[in-house]
2 protein chains.
Amino acid sequence: MNRIDPETAELYSIADLAREFGISTRAIRFYESKGLISPERLGATRVFRRRDRARLILILRGKRLGFSLRDISDYLALYDADRGQQVNLLTEKVDERLQLLEQQLADLQTTIAELHEIRKLARERVVSS
Amino acid sequence: MNRIDPETAELYSIADLAREFGISTRAIRFYESKGLISPERLGATRVFRRRDRARLILILRGKRLGFSLRDISDYLALYDADRGQQVNLLTEKVDERLQLLEQQLADLQTTIAELHEIRKLARERVVSS
DNA sequence: CCACGCCTTTACGTTAGCGTCAAACAACTG
DNA sequence: CAGTTGTTTGACGCTAACGTAAAGGCGTGG
């Protein structure tokens with residue numbers, strides 16, 4: 001347990017990940033410059049492993065949710081807090097996040113319901129015309 | 001039906017709404033400049049009615065969901081499309097929106113679940129230490 | 001009358017999140 | 001060996017969404 005298997009640690013170039021996720025290499029470098037990912041180097045060239053790729057997925061999901069990179073950075077820190085963190089402080093921050101997300105969930109459900117309503121009204125209009 | 005009752009058409013100053021929603025008057029003017037709201041004028045002074053206030057609520061909800069003002073503008077248009085719009089085109093746009101929102105809903109639920117998981121792991125660590 | 005508070009417009013400043021060259025090096029390919 | 005492809009680090013550009021003065025109009029109260 002906790003052993004790293006080097007065989008399964010696939011390597012990705014920056015272009016690989018850019019292609020896979022439909023983003024620019026510039027964006028990826030930008031995320032690194034903001035400390036959201038920290039790929040290894042082979043000389044000067046960036047080498048990404050599964051961990052970096054996983055983080056990228058979280059970053060993009062955060063963006064779809066409308067979060068700033070700053071927010072996403074904080075969010076990633078919660079994942080990192082695996083070891084050697086004050087647990088109280090961690091759960092506190094997690095709970096903060098959850099509150100925000102549940103507010104967002106409520107907003108989202110309201111909005112979805114309203115759109116369904118609009119569609120329904122539109123259809124009724126068609127029928128009665 | 002469809003009659004407007006002038007008695008219930010309350011009036012708000014820009015400062016009223018700014019205070020109520022905890023935003024700046026600058027922001028409200030900015031939203032107007034982008035065509036998201038269009039208050040009446042008394043001389044040069046903006047006069048807001050319930051309709052504008054309702055729109056503001058939708059705007060702020062859109063922002064909490066991470067949408068750009070451009071997106072929100074399009075969204076508001078769906079509400080306006082009450083009368084005299086191509087119904088097909090309307091429902092089409094509504095459905096587009098709904099797709100995005102449901103993607104967002106899925107992202108959100110995943111994220112919430114992961115955070116619950118993190119909290120659970122943190123607590124287990126406390127117990128076993 | 002004059003200060004005070006609230007309103008207006010105009011305009012420049014700021015931060016985030018990249019896009020877009022530019023210049024340079026490394027490896028492969030014909 | 002020249003050319004293509006992929007990488008790097010700057011550095012400047014750009015849009016969105018306001019913040020922040022600056023300068024002035026309108027009404028009210030002392």
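Source: prediction; values computed, not measured. We name chains A, B, ... by the order of the sequence lines, and we start the count at 1 in each one. What's counted below: heavy atoms across the whole structure, side chains too, no hydrogens, waters or symmetry copies.
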Counting N and O atoms only, with roles assigned by atom type, does the side chain of B:Asp107 sit under 3.5 Å from a partner on the main chain of B:Gln104, one being a donor and the other an acceptor? no
Ion pair check, B:Arg53 and B:Glu20, cut-off under 4.0 Å: yes
Donor + acceptor pair across side chains of B:Arg61, A:Thr111 (<3.5 Å): yes
Describe the nucleic acid contact of B:Arg46 in one word from base, sugar-phosphate, nothing, applying a heavy-atom distance below 4.0 Å. sugar-phosphate
I need the CD-P distance between B:Glu32 and C:dT8, as an integer number of Å. 8 Å
From CD1 of A:Ile14 across to C1' of D:dT5 the rounded distance in Å is 15 Å
Distance below 4.0 Å between B:Thr45 side-chain N/O and C:dC6 OP1 or OP2: no
Would you find a donor on one side and an acceptor on the other, under 3.5 Å apart, between the side chain of A:Ser73 and the backbone of A:Leu69? no
Using a cut-off of 4.0 Å between protein heavy atoms and nucleotide atoms, how would you tag nucleotides 10-25 of chain C 5' to 3' with B, S and -? -B-----BBBB-----
In whole angstrom, give the distance that lies between atom CG of B:Asp74 and atom P of D:dA16. 13 Å
Within the side chain of B:Asp52, is there an N or O that forms a donor-acceptor pair under 3.5 Å with the backbone of B:Arg49? yes
So among B:Lys93, B:Arg70, B:Arg97, which one has a side-chain contact (heavy atoms from CB on, under 4.5 Å) with B:Tyr75? B:Arg97
A:Arg29 has an atom CZ; how far is it from atom C1' of D:dT7, in whole Å? 7 Å
